[in-house]
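Notes to accompany the following structure.
We use all heavy atoms of the structure for the numbers below, so side chains are in, but hydrogens, waters and symmetry mates are not. Note on naming: letters A, B, ... go to the chains in the order of the sequence lines (proteins, then strands), and numbering restarts at 1 for each one.
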Amino acid sequence: MSERKVRVRFAPSPTGPLHIGGVRTALFNYLFAKKHGGDFLLRIEDTDQTRYVPGAEDYIQEALAWCGISIDEGPKQGGPFAPYRQSERKALYLNYAEQLLQSGYAYYAFDTPEELDEARNTAESKGETFTYNALSRGQMKNSLSLPESAWKEMVSSTHYVVRFKMPDNLDVTEIDLIRGSVTFNTSLLDDKVLFKSDGMPTYHLANVVDDHLMDISHVIRGEEWLPSMPLHVLLYRAFGWEDTMPRFTHLPLILKPTGKGKLSKRDGDKLGFPVFPLLWRDSETGETSRGYREDGYFPDSFINMLALLGWNPGTEQEIFSMDELIHAFSLERVGKSGARFDPEKTKWFNHQYFVKKSDEELGALLLPFLADKGIHANPDMVAKVCGMVKERCNFVSEIWDQSYFLFAPPTSYDEKIVSKRWKDDVPAIMIEIAGFLETIEQWKAPTIKEPFSAFVTSKGWNFGTVMNSLRLCLVGGSFGPDIFEICEIIGKSETIFRIKKAISALNK
RNA sequence: GGUCUGUUCAUCUAAGGGUUAGGAUUCAAGAUUUUCAUUCUUGCCAUAGGGGUUCGAAUCCCCUACAGACUACCA
């Protein structure tokens with residue numbers, strides 16, 4: 001058993017864009033597989049045609065690719081267990097349902113949705129919950145309650161479903177790799193539908209059959225699946241597959257940053273952060289949802305953040321490359337309780353990756369951004385600019401906010417700073433400063449700074465006044481890199497031009 | 001309602017019977033940067049409550065509270 005090759009699957013249904021909770025599930029599966037030298041498969045669970053959303057499957061593939069989660073076997077990449085799309089495996093499932101029917105672990109049921117609703121409503125009006133199980137199945141329309149001739153006739157003439165015959169009052173105990181032993185009593189469980197009247201299996205049947213057929217060794221999925229674990233275990237037993245049954249692990253949920261409940265799309269809209277890896281445009285409503293990629297997050301930063309949400313290495317290391325994650329990962333170190341999502345920490349992670357990038361890398365990312373604004377600057381100069389301001393940024397887009405004045409003169413002056421710095425004596429001083437700068441030959445930051453400082457001192461001016469006013473002229477506000485660096489970048493004539501421009505613009 | 005799972009600073013978490021309960025994010029203060037940001041230092045802040053077991057409990061057990069998931073011919 002312990003020799004078995006690790007094979008895990010990520011099995012989303014293509015009903016919309018992949019949520020970050022789903023990405024994390026995929027990531028943990030991937031890390032676990034790679035840690036043990038195993039395979040990571042993608043299987044599309046599209047057994048519900050009514051919920052099929054065009055583009056969702058492509059989105060899932062693209063999102064995983066962006067994250068650096070590579071798929072060993074899947075619908076696009078193929079593999080020895082193809083097809084990997086359940087709708088394409090449709091023909092298979094009926095045989096397995098019939099196997100259960102023949103061995104007495106399942107039965108035909110003919111209750112219409114209306115009849116089931118009615119049963120639920122009657123129970124509810126009595127303050128009870130209707131459960132299709134050993135106690136009630138005798139009163140329903142199925143192959144256990146009806147005479148054989150009657151139900152056989154119905155099987156051929158009407159729609160039917162196949163239900164699992166849940167044993168009465170049996171304790172089912174199974175080990176969850178992060179929670180330990182979990183026990184359920186079957187008397188509280190219902191006779192789940194395994195095969196729908198439209199000819200498709202339900203999730204329960206399809207996932208067990210496929211996991212078995214695809215030789216899956218570990219099922220790692222969200223906590224919302226924990227209640228259906230006993231059903232799945234019982235299915236493995238019914239099929240006689242218990243000796244190769246995968247080990248189960250249920251991951252804790254990702255919760256809203258504030259308030260209660262699990263993270264939803266709404267929270268992102270409300271609090272202003274993405275809940276999807278990639279931008280998503282709903283083809284029906286035309287509505288778009290932000291994505292981490294488009295918001296300027298780096299995939300490795302995004303993955304790093306996600307990995308630490310619910311898992312920790314037991315050391316104080318926080319920055320991990322994918323390879324380091326693979327090396328350090330273990331299911332035992334995944335927490336049991338839900339983790340509240342923190343958009344602030346996500347930004348912090350991005351900042352860590354941001355400042356680690358070389359000036360040239362950032363420059364290359366900024367270039368197209370500048371081109372959009374009609375600015376075509378020298379790549380060397382752009383790289384230098386990135387180096388000057390990257391400490392103050394979390395995203396590429398913020399480089400522009402911190403450096404636009406290096407590409408063009410300020411178009412406005414921050415009013416607060418003007419009233420604070422632009423005193424009556426300042427214009428006269430600035431005129432003298434401009435005149436002095438005119439005399440400087442060597443236009444480099446250090447060679448400007450030295451004579452400049454001497455000049456200001458000799459005049460007896462307050463250094464802070466001069467510097468802050470000069471910054472206002474060149475930048476339009478009170479921020480940005482070293483003032484002499486700015487002078488060097490924009491050049492001598494531009495520096496003097498901006499001083500004069502500011503004097504006339506601020507002359508009241 | 002029922003079943004299952006969970007509960008350590010505001011947030012992510014460490015400490016798998018013995019530490020002044022540690023780190024990170026956020027926030028606040030100070031230093032540096034004659035700007036802003038960075039950086040550095042410091043500070044604030046937690047074992048849900050109650051019972052046991054034990055020489056000793058965040059850790060083991062029970063009860064309560066709270067939270068979440070599930071309870072479809074959806075996954």
Would you say the ring centroid of A:F405 lies under 6.0 angstrom from that of A:W400?
no
What I want to check is whether an N or O donor and acceptor connect the side chain of A:R392 with the base of B:rC36 at under 3.5 Å.
yes
With heavy atoms under 4.0 Å as the rule, sort A:G314 into base, sugar-phosphate or nothing.
nothing
Could you tell me whether A:R120 and A:E118 have a side-chain N and a carboxylate O separated by less than 4.0 Å?
no
From CG of A:D401 over to C1' of B:rU35, roughly how many Å is that when rounded to an integer?
17 Å
Ring centroids only, cut at 6.0 angstrom: are A:F28 and A:F329 within range, meaning strictly under it?
yes
Quantified in whole Å, what is the C1' atom distance between nucleotide B:rA21 and nucleotide B:rA46?
9 Å
Looking only at atom C1', what distance separates B:rG2 and B:rA15, rounded to whole Å?
37 Å
Using a heavy-atom cut-off of 4.0 Å across all strands, would you classify A:P252 as base, sugar-phosphate, or nothing?
nothing
Does the structure show a Watson-Crick or G-U wobble partner for B:rA31, both distances under 3.5 Å? Name it, or say none.
B:rU39
What residues form a ring-ring contact (aromatic ring centres under 6.0 Å, His included) with A:F455, not counting sequence neighbours?
A:F436, A:W461
Starting at the 5' end of nucleotides 68-75 of chain B, put B wherever the base has a protein heavy atom under 4.0 Å, S where only the sugar-phosphate does, and a dash everywhere else.
SSS-SBBB
A:N312 side-chain N/O to B:rA14 phosphate OP1/OP2 under 4.0 Å
yes
Between CZ of A:F484 and C1' of B:rU33 the distance, given in whole Å, is 14 Å
In whole angstrom, what separates A:E174's CD from B:rU3's P?
22 Å
Which of these nucleotides, B:rG2, B:rA37, B:rC12, is closest to any side-chain atom of A:L309?
B:rC12
Round to the nearest Å and state the distance from A:L135 atom CG to B:rG2 atom P.
18 Å
The complete set of side chain to side chain donor-acceptor pair (under 3.5 Å) pairs with one or both residues in residues 478-489 of chain A, sequence neighbours excluded, reads A:K384-A:E488
Checking contacts here: which listed nucleotide (B:rU25, B:rU35, B:rG22) is nearest the side-chain heavy atoms of A:F479?
B:rU35
If you check the A:R179 side chain, which of B:rG23, B:rG6, B:rU35 turns out closest?
B:rG6
Please determine whether a side-chain nitrogen of the Lys or Arg among A:D176 and A:R247 lies less than 4.0 Å from a carboxylate oxygen of the Asp or Glu.
no
Provide the Watson-Crick or G-U wobble partner of B:rU8, both distances under 3.5 Å; none if there is no partner.
none
May I ask you to check if A:K357 and A:F298 form a cation-pi contact, with NZ or CZ under 6.0 angstrom from the six-membered ring centre and within 45° of the axis?
yes
So what does A:K345 touch, heavy atoms closer than 4.0 Å: a base, only the sugar-phosphate, or nothing?
base
Heavy atoms only, 4.0 Å cut-off, all strands: where does A:T315 land among base, sugar-phosphate and nothing?
nothing
